[in-house]
Visitor: 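Below is one structure. I have some questions about it.
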Protein chains: 2
Amino acid sequence: MTVSKTAADPLKVSRAVAKQDFDASSDDSLLHLGELSGLLGYSLKRAQLRVFEDFLRCVAPLQLTPAQFSVLLLLDQNPGRNQTEIANTLGILRPNFVAMLDGLESRELCARMRSASDRRSHILVLTDKGRAVLTRAKKLVANKHEARLIELLGPENHAALLDMLAKIAHEF
Amino acid sequence: MTVSKTAADPLKVSRAVAKQDFDASSDDSLLHLGELSGLLGYSLKRAQLRVFEDFLRCVAPLQLTPAQFSVLLLLDQNPGRNQTEIANTLGILRPNFVAMLDGLESRELCARMRSASDRRSHILVLTDKGRAVLTRAKKLVANKHEARLIELLGPENHAALLDMLAKIAHEF
DNA sequence: GATAATTGTTATTCGCTATATCAAATACCG
DNA sequence: CGGTATTTGATATAGCGAATAACAATTATC
């Protein structure tokens, strides 16, 4: 955690109404979003859809969804964990995680191993193929996907955006 | 546009590794998110879910979802529009917008009126009740919902966040 | 050793999204 | 004018993500 317990951390971004309204009294152009553009939830959802869309395009050669990519990433960094732990961390409900793992396992990207200490749980492990795919995916994501976002926002703004989103997710 | 042409506007948040290593060889604590916390899409989705969750809570007395609220808002600011125009603006597919309007219309929050100039289209209008509900909803959203977000992030950061999200949604 | 709790799983439901298709109405164009 | 294409609202349908209940096997608790 520790996204920032401090109170004032400005981030001087050019505020400026910019492309507010345009007087579309009766043309077929875009409608007035009005107060909708000030609704954080609305902008969040719109931006999230765009980012996921681009993610899918960039990583299309590997046929990985954002959720699948996040699972592989988490397995790589947390070896020896079981399904419940991984699912909980990602906010996925255990029942829904089963089919997801089935998909990854059928493609031999990961495997379930019965734990010796607790024969109820399945220890999740990345296969060699899974590690290879993850490596390629990380490169695609970093070079094609995140790079464009950083270029669009600027590195400092991009970092500030990440911090604010984490803060919302954890402290709101 | 113009989220920031300036170079350095840090936002001094503990960008450092922070809670990186903890040796979680086998405790039930949180797992290492690792590079996942640097994935904008992941943070976006997490934050969006939290914001929507809070929105629903704040506006629960009026029984409005974020999508329904956005429709009412848009109808109020764009009178005389038909279903296709409203749906397109919100990124809702026309077929899916039908059931949504049915719900709002059955609650007498809005109404469909056949257009005189084009008898195919339905002009959407807010009812008096719809306007009243919208007014109350706006107050709840502003005072209970957005106010907390602004307090959490700070007004400048909140504004900067909105700008960046809009930029992603429109220019990415 | 009996009861409670946990793990993975199945089944099912709900909501949102996406596509194809349709009838009615309008636009287009020779 | 008349015939074709387009548009609008609507229906049906499929798919996916999320959510809950329930179950067998295993482990924890007392």
Side-chain angles (χ1 to χ4, degrees), chain A residues 27-28 31 41-42 44-46 48-53 55-56 63-71 75 80-106 110-125, chain B residues 26-28 31 41-42 44-46 48-53 55-56 60 63-71 75 80-106 110-125:
Chain A
D27 55 5
D28 57 334
L31 273 60
Y42 179 76
L44 266 176
K45 186 186 175 185
R46 273 289 164 99
Q48 184 259 325
L49 289 175
R50 262 223 174 287
V51 169
F52 268 44
E53 186 185 350
F55 182 98
L56 282 172
Q63 285 285 92
L64 283 182
T65 66
Q68 289 172 326
F69 177 73
S70 69
V71 170
L75 291 189
R81 299 298 189 160
N82 63 24
Q83 297 185 197
T84 297
E85 292 170 318
I86 299 295
N88 280 344
T89 303
L90 292 176
I92 303 174
L93 293 174
R94 276 65 81 218
N96 300 329
F97 194 47
V98 173
M100 184 164 185
L101 269 186
D102 290 345
L104 293 176
E105 201 172 15
S106 71
C110 70
R112 304 181 228 223
M113 294 175 45
R114 300 225 85 101
S115 166
S117 59
D118 186 341
R119 290 183 352 217
R120 292 172 294 187
S121 59
H122 289 169
I123 300 303
L124 299 179
V125 294
Chain B
S26 67
D27 57 1
D28 55 334
L31 273 59
Y42 179 78
L44 266 176
K45 187 186 173 187
R46 273 288 163 101
Q48 185 259 325
L49 289 176
R50 261 226 173 282
V51 169
F52 268 44
E53 185 186 350
F55 182 99
L56 282 172
Q63 285 285 92
L64 284 182
T65 67
Q68 289 172 326
F69 177 73
S70 69
V71 170
L75 291 188
R81 300 296 187 158
N82 62 24
Q83 297 185 196
T84 297
E85 293 170 317
I86 299 294
N88 282 343
T89 303
L90 292 176
I92 303 174
L93 293 174
R94 278 64 81 219
N96 300 329
F97 194 48
V98 174
M100 183 164 185
L101 269 186
D102 289 345
L104 293 175
E105 201 172 16
S106 70
C110 71
R112 305 180 228 224
M113 295 175 45
R114 299 226 85 101
S115 166
S117 58
D118 186 341
R119 286 176 2 209
R120 292 172 293 186
S121 58
H122 289 167
I123 300 304
L124 299 179
V125 294

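FYI, side chains are in, hydrogens and waters are out, and symmetry mates aren't considered; it's all heavy atoms of this structure.
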Visitor: For a quick check of understanding: with a heavy-atom distance under 4.0 Å over all strands, which category does A:R94 fall into, base, sugar-phosphate or nothing?
Guide: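 If one applies the 4.0 Å heavy-atom cut-off, A:R94 turns out to touch a base.
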Visitor: Provide the start and end nucleotides, 5' to 3', of the part of DNA chain D that has atoms under 4.0 Å from heavy atoms of chain A.
Guide: D:dA18 to D:dT27
Visitor: B:L31 and side-chain contact (heavy atoms from CB on, under 4.5 Å): which single residue from A:T89, A:L90, A:N88 fits?
Guide: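 With B:L31 as partner, side-chain contact (heavy atoms from CB on, under 4.5 Å) holds for just one option, A:T89.
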Visitor: Rounded to the nearest 0.5 Å, how far does CE of A:M113 lie from NE2 of A:H122?
Guide: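 Interatomic distance, A:H122 NE2 to A:M113 CE, rounded to 0.5 Å: 11.0 Å.
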Visitor: What heavy-atom pair brings A:G103 and A:S106 nearest, and what distance separates the two atoms?
Guide: O-OG, 2.8 Å
Visitor: Would you say the side chains of B:N82 and B:R112 form a donor-acceptor pair under 3.5 Å?
Guide: no
Visitor: Expressed in angstrom and rounded to an integer, what is the separation of B:M100 atom CE from C:dG15 atom P?
Guide: 13 Å
Visitor: Report the residue (B:R112 or A:S117) whose heavy-atom-nearest nucleotide on DNA chain D is the more 5′ of the two.
Guide: B:R112
Visitor: Rounding to an integer number of Å, can you tell me how far A:E85 CD sits from C:dT6 P?
Guide: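 For the pair A:E85 CD and C:dT6 P, the rounded distance is 13 Å.
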Visitor: Given atom CG of B:L56 and atom P of C:dG15, what is their separation to the nearest angstrom?
Guide: 13 Å
Visitor: Which is more 5' along DNA chain C, the nucleotide nearest B:D118 or the one nearest A:R120? Just name the residue.
Guide: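 Checking each residue's closest nucleotide, the 5'-ward one belongs to A:R120.
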Visitor: Determine: side-chain N/O of A:T84 to OP1/OP2 of C:dG8, distance under 4.0 Å, yes or no.
Guide: yes
Visitor: What is the distance from CZ of A:R81 to C1' of C:dG8, rounded to the nearest Å?
Guide: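 Atom CZ in A:R81 sits about 18 Å away from atom C1' in C:dG8.
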Visitor: Atom CZ in B:F52, atom OG1 in B:T65: separation rounded to 0.5 Å?
Guide: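 B:F52 CZ to B:T65 OG1: 8.5 Å, rounded to 0.5 Å.
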Visitor: Rounded to the nearest 0.5 Å, what's the gap from CD1 on B:I92 to CD on B:Q83? Could you check?
Guide: 11.0 Å
Visitor: How long is the gap from CD on B:Q48 to CD on B:E53, to the nearest 0.5 Å?
Guide: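 If we round to the nearest 0.5 Å, B:Q48:CD and B:E53:CD are 11.0 Å apart.
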Visitor: At a cut-off of 3.5 Å, list every protein nitrogen or oxygen paired with a nitrogen or oxygen from nucleotides 17-19 of chain C, distance to 0.1 Å.
Guide:
residue, atom, partner, partner atom, Å
C:dT17, OP1, A:K45, NZ, 3.3
C:dA18, N7, B:N96, OD1, 3.3
C:dA18, N7, B:N96, ND2, 3.0
C:dA18, N6, B:N96, OD1, 3.0

Visitor: Starting from the 5' end of DNA chain D, give me the residue, B:H122 or A:A116, whose nearest nucleotide shows up first.
Guide: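 Its nearest nucleotide being more 5', the pick is B:H122.
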Visitor: In Å and rounded to the nearest 0.5 Å, what is the CD1 to CG distance from B:I86 to B:L101?
Guide: 9.0 Å
Visitor: Atom CG of B:N82 and atom P of C:dA25: how far apart are they, to the nearest Å?
Guide: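 Roughly 16 Å, once rounded to whole Å.
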Visitor: Looking at every non-hydrogen atom in both residues, tell me the closest pair between B:A87 and B:R94 and how far apart they are.
Guide: CB-CD, 4.1 Å
